[in-house]
Amino acid sequence: MTVGIIGGGQLGRMLALAGYPLGLDFVFLDPSREAPAGKVAPVLHGAFTDPQVLKWLSRECEVLTFDWENISVEALRKHARGPRRARICPPPPALATAQDRVAEKRLFERLDIPTTRWRAVESGAALERALREVGLPGVLKTRRMGYDGKGQARIRTREEAQRAWQTLGGVPLIYEEWVPFECEVSIIGARSTRGETVFYPLNGNVHADGILRATRAPYGPTRWHRNAVEYLTRCLEHFHYTGVLTIEFFVRQGRLIANEMAPRVHNSGHWTIEGSATSQFENHLRAILGLPLGSTRPTGHSAMVNLIGEIPARDWLLEFEGLHLHDYGKQPRPGRKLGHCTLVEASATRRDRLTRRLLGRLAPGVRLP
Ligand code: AMP
């Protein structure tokens, strides 16, 4: 059984690594000759919109999935759909919603999931109106193609708003209120083609400059987890979803406020490879292939720290007892996710002590709440 994956980044590579023990084969589509998945599976090189490759993949594969969301829904619909074509999982409407921050906010509102106050901004006048109606401080973001904090500017004053408009304007934007959150969390769950669902424990996430730095799980009181599962369930049911879906939240005065969703395996779930009975990668594959979903039971108190911009000396990292290193084999570049490491400990106290030591070296200035 062959799974076609659009996008051959680290997420795709970890999907393939999780799928081989199940007897699955993989083929990727990625424009880059250096795609991380290329070390573990065949990669067809072409644009994500390449009609020939998309047609070939959807004819030859059992199912098509993707490892990042900035791919063309239009091209998928046009070239990869048809009676004798592979199923596309997760469903394209979920992908289309996650690609547009405004569509995402409307979905949250429609499903009664608390989210930030926001206004769409398509002109200078609309920005003025948004500033008046939502207030300051806020954040101006591109509606599409934003990731890892790219395409967004924090707005504290009207002057900053004007400057951000000069830099970001020209494409559709969204202005959101700034949430002075106590912490950030995310929930990851999977729904299979049979309608079975599973949910992982809540992740506690720490970002710096819009990029995820560290995750700890299980995190937070049971009530947060219950609320997050309820919100995620509404989204899964709304789309008759298949595969892994993630929602990120801010926590403010004990309330969860949805920030965004990702229709794919997620960086905040990397700890599940070593820290859960079944990883998010394996469960994504089981879900899209209609196989029984695996237990999401945590095997301890896990932490994941991202390796960004550079990979420190292997010797130094591997000296940490119990540390698991994942090097994605990417060329170093400032701000680029190159790998991650995971710890699974018997107690949260020991896990946090070791994580603080790791962060002290890898991301000085990043503090765990
Ligand atoms: P995003 O690309 O929307 O996930 O934003 C990346 C990170 O920037 C978030 O995880 C937060 O740390 C921060 N951020 C984004 N939007 C807001 C907001 N409205 N209020 C506070 N922090 C935000």
Side-chain angles (χ1 to χ4, degrees), residues 11 68-70 97-109 113-121 127 130-131 133-157 160-161 164 167-168 171-188 202-217 219-220 224 228 231-232 235 245-270 304-306 308 335-337 359 363 365-369:
L11 301 179
W68 80 313
E69 61 258 39
N70 290 325
T97 303
Q99 284 178 347
D100 178 1
R101 290 184 191 273
V102 165
E104 207 170 56
K105 289 274 186 278
R106 288 197 179 118
L107 174 79
F108 291 148
E109 288 176 351
I113 300 171
T115 189
T116 51
R117 293 195 306 128
W118 63 276
R119 290 289 181 276
V121 171
L127 176 59
L131 292 172
E133 292 175 1
V134 176
L136 287 163
V139 51
L140 196 60
K141 302 178 178 177
T142 54
R143 272 173 71 164
R144 295 176 169 276
M145 301 298 282
Y147 68 99
D148 286 348
K150 293 182 176 59
Q152 51 183 277
R154 197 168 163 184
I155 312 290
R156 298 171 196 84
T157 62
E160 271 186 348
T167 339
L168 298 176
V171 293
L173 303 174
I174 183 172
Y175 180 73
E176 291 174 18
E177 71 176 318
W178 182 261
V179 181
F181 55 77
E182 281 98 46
C183 64
E184 294 186 83
V185 298
S186 60
I187 184 83
I188 298 177
L202 206 60
N203 307 304
N205 302 327
V206 181
H207 292 83
D209 303 322
I211 305 187
L212 182 67
R213 290 293 175 158
T215 294
R216 286 173 293 170
Y219 189 82
W224 294 2
Y231 299 149
L232 188 60
C235 294
L245 179 67
T246 308
I247 307 183
E248 295 183 66
F249 300 92
F250 305 123
V251 182
R252 170 111 175 98
Q253 294 171 338
R255 283 184 67 237
L256 267 56
I257 302 169
N259 176 31
E260 62 178 0
M261 67 175 210
R264 53 169 171 78
V265 285
H266 195 257
N267 194 169
S268 64
H270 288 0
M304 185 282 313
V305 175
N306 269 337
I308 295 174
R336 194 172 200 207
K337 288 175 181 166
L359 280 172
V366 174
R367 300 262 169 274
L368 292 182

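Indexing begins at 1, ligand by ligand and atom by atom, following the structure's order.
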Contact (N/O only, under 3.5 Å) between [X] and ligand 1:
{"X": "V179", "answer": "yes"}
{"X": "Q152", "answer": "yes"}
{"X": "W178", "answer": "no"}

Which ligand 1 atoms, with their elements, are less than 4.0 angstrom from a heavy-atom of [X]?
{"X": "G210", "result": "6 (C), 7 (C)"}
{"X": "E184", "result": "9 (C), 10 (O), 11 (C), 12 (O)"}
{"X": "E176", "result": "16 (N), 19 (N)"}

Partners passing salt bridge (Lys or Arg N to Asp or Glu O under 4.0 Å) against E176 (at least two apart in sequence or in another chain) =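 Checked E176 against salt bridge (Lys or Arg N to Asp or Glu O under 4.0 Å); matches are K105, K141.
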inquiry  = Is the contact between E177 and ligand 1 made by the side chain, the backbone, both, or neither, using heavy atoms and a 4.0 Å cut-off?
reply    =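 Just the backbone.
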key: ligand 1 versus N259: contacting region, heavy-atom distance under 4.0 Å   =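 The answer is the side chain.
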query = Would you call the rings of F249 and Y231 parallel, tilted or perpendicular, where under 30° means parallel and over 60° means perpendicular?
reply =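 Taking Y231 first and then F249, their aromatic rings sit tilted (interplane angle of 30° to 60°).
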request  = Applying side-chain contact (heavy atoms from CB on, under 4.5 Å), name anything that partners R213, two or more places apart in sequence or on another chain.
outcome  =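 Here the qualifying residues are A208, I308, A363, V366.
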message = Are P263 and E69 packed together at the side-chain level, in the sense that at least one heavy-atom pair is separated by less than 4.5 angstrom?
response =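 Result yes, sub-4.5 Å side-chain heavy-atom pair found.
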task = Decide yes or no for V251 and F181: does some side-chain heavy atom of the first lie under 4.5 Å from some side-chain heavy atom of the second?
result =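 V251 vs F181: side chains apart.
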ask   = Considering residues, nucleotides and ligands other than R154, do more than 12 of their heavy atoms fall under 6.0 Å from its CZ?
value =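 Result for CZ/R154: enclosed.
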